[in-house]
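To start, the structure under review is shown below, and the notes come after it.
Fair warning: this is a prediction, and the values are worked out from it, not measured in the lab.
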Amino acid sequence: MLQISYLRDHTEVAMQRLAIKNFTDTGLIQQIIDTDTERRKIQAELDALLAHQNRIAKQVGELMRAGNKAEAEDLKNKSTAMKQSVAELHDKLAAAEREMESLLVKIPNTPSPKVPAGKSAEDNKEVHRNSVPVPELGKKAKPHWELAEQYDIIDFELGNKISGAGFPVYKGKGARLQRALINFFLDKATAAGYKEVQPPVVINEDSGFGTGQLPDKEGQMYHVTADNLYLVPTAEVPVTNFYRDVILKHAELPVKLTAYTPCFRREAGSYGKDVRGLNRLHQFDKVEIVQIEHPDKSYETLEVMKDYVASLIDALELPFRIVMLCGGDMSFASALTYDFEVWSGAQHRWLEVSSVSNFETFQSNRMKLRYRDEKNKTHLAHTLNGSALALPRIVAALLENNQTEKGIRIPKALVPYTGFEMMD
RNA sequence: GGAGAGAUGGCAGAGCGGUCGAAUGCGGCAGACUCGAAAUCUGUUUUCCGGCUUGCCGGAACGGGGGUUCGAAUCCCUCUCUCUCCGCCA
């Protein structure tokens, strides 16, 4: 959620930047500013009345103690006469505040000035490609879903039986590979200074609102209606919300956390080759990194996080590229996002395995996450997060790219975790 | 699932109709003492909204919402949550 003060004081700039995200509803922005003006006017009126009432109440007390009942009664009547106006203004103020917030949450975050304009993924800007060569596998290359069946390591049919499409069962060395990747990623993150935490995997409404999943993306989460809880779509939600309604001391910044959770996504509306095999699942494993930063340092930090994620994929010896998302492809809450895509050797396409974003104050304004500066003034902190990494497409690329006659080669860095060098 | 108790500042904990944004203790910050530290003493220490001369003024907040009253942390209703005991259970 943008800050109303920003929208009010920098209306033109805000509109220009929102246009990069293809948000052009200037009427809505004007409506917000009008509502805000009205809100402040109402508050000034209400405050004046309340101040008057407070004075009367004090005087009544004094008069009663002095035994001056007649005059006290007189004042009481005066105050009573004001009650209706107070109640009306109170309701009007509450309505204006509700109105303003309900409109404000519809405005996406303003993209950073670096963000390129564009409509879709085609307009994203490649900023890096690592030196691992794209494998030449020839015509015999099998897609990962065939390899999974051949080596009996992932059972999609069994998952269908138990839950439905998008809930695979990992078996044998496949299950072991999952565990190996999770441990590998957590160990790396810990070594890089992120503190490991294990959050709940169901979240309440306030948490969903805090990071921006609610109210807009309600349909993307599994909802446990009996308790009004949601299954986490990413560890970002519970972990960032640790700091909802918190004021950090400046010495406590930055906060660096990492968490493994299963992630649950309904993926309503997805279809076709995108959902084949491991490409898009309803449940998958992911290690996430979350950082809370001083506003002056958040972009520097974003680069550090980007380099960190790159180091993970390098260690897995997978070819990948990093793209800076264009305005049209960015999420609602992000100010700048880097996507990481690994090359899928049999599908011949790039698969997104990580997304690293700076949300600036968009999330912290929603969840009132602040820090205290050297002068004890409070400010909204910046929040950032990134996948480090999401497992399924990494597994897909590992299976496809590393397939050999004898089996699937496990990258060296992972062998201590898998305990085997070949999937066969 | 059943019964009971409770929710107050960073923490502990008082207040139970007015002078209470809130005693006291602990913690934090600044200063005094000290070569330094501890101890001790003094001062200071919530957040949000609005206004303007940016330091002050006004308003709001004692779990959330509503009510009674001239006036509510205090009384009433309601919701949520927490704790204790019993039951069940990894």
Under 3.5 Å donor-acceptor pair, A/Asp47 side-chain atoms to B/rG58 base atoms: yes

Answer yes or no: is there an ion pair linking A/Lys406 with A/Asp424, defined by an N-O contact shorter than 4.0 Å? no

Which base sits across from B/rC16 as a Watson-Crick or G-U pair, both distances under 3.5 Å? none

Basic-acidic side-chain contact under 4.0 Å: A/Glu317, A/Arg409: yes

Span that lies between the P atom of B/rG25 and that of B/rG18, in whole angstrom: 23 Å

Among B/rC70, B/rU47, B/rG58, which nucleotide has an atom closest to any side-chain atom of A/Ile247? B/rU47

Tell which nucleotide pairs with B/rA3, taking only Watson-Crick or G-U wobble pairs whose two distances are both under 3.5 angstrom. B/rU84

Provide the Watson-Crick or G-U wobble partner of B/rG55, both distances under 3.5 Å; none if there is no partner. B/rC52

Round to a whole Å and report the spacing from CG of A/Asp373 to P of B/rU47. 11 Å

Rounding to the closest angstrom, what is the interatomic distance between B/rG64 and B/rU74 at atom P? 11 Å

Distance check, C1' atoms only: B/rC81 and B/rU8, in whole angstrom units. 16 Å

As its Watson-Crick or G-U partner within any shown strand, both distances under 3.5 Å, B/rU68 has none

Quick one: A/Leu49 CG to B/rC49 C1', roughly how many Å, whole number? 17 Å

Nearest to the side chain of A/Leu50 - B/rA60, B/rG58, B/rG50? B/rA60

Given that both distances must come in under 3.5 Å, which nucleotide forms a Watson-Crick or G-U wobble pair with B/rA32? B/rU40

Residue met sooner reading RNA chain B from 5', once A/Val60 and A/Arg55 are mapped to nucleotides: A/Arg55

B/rA73 and B/rG17: how far apart are their C1' atoms, nearest whole angstrom? 11 Å

How far does the P atom of B/rA72 sit from the matching atom of B/rC62, given to the nearest Å? 11 Å

Would you mind reading off the distance between A/Asp245 atom CG and B/rG9 atom C1', rounded to a whole angstrom? 15 Å

The side chain of A/Asn54 lies closest to which of these nucleotides: B/rG59, B/rU47, B/rC70? B/rG59

Closest nucleotide of RNA chain B for A/Lys249 versus for A/Ala44: which of these residues is on the 5' side? A/Lys249

A/Tyr260 six-ring face occupied by A/Lys286 cation (under 6.0 Å, within 45°): no

Contact under 4.0 Å: A/Arg370 side-chain N or O vs B/rC48 OP1/OP2: yes

Parallel, tilted or perpendicular for A/Tyr222 and A/Phe167, by the 30°/60° rule? tilted

Nearest-angstrom distance, C1' atom, B/rA37 to B/rA32: 15 Å

With a 4.0 Å limit, can you tell me whether A/Arg39 has a side-chain N or O closer than that to the phosphate oxygens OP1/OP2 of B/rG50? yes

Using a cut-off of less than 4.0 Å, is there contact between a side-chain N or O of A/Thr378 and OP1 or OP2 of B/rC48? yes

Taking a pair to mean Watson-Crick or G-U wobble geometry with both distances below 3.5 Å, B/rC62 pairs with none

A/Lys306 and A/Glu303 ion-paired at < 4.0 Å: yes

Could you measure between the two C1' atoms, the one in B/rC86 and the one in B/rU47, and give it in whole Å? 42 Å

Regarding the side chain of A/Arg40, the nearest nucleotide among B/rU47, B/rG50, B/rC70 is B/rG50

Parallel, tilted or perpendicular, as decided by the 30° and 60° cut-offs, for the rings of A/Tyr371 and A/His294: tilted

On a whole-Å scale, what distance lies between the P atoms belonging to B/rG27 and B/rA12? 15 Å

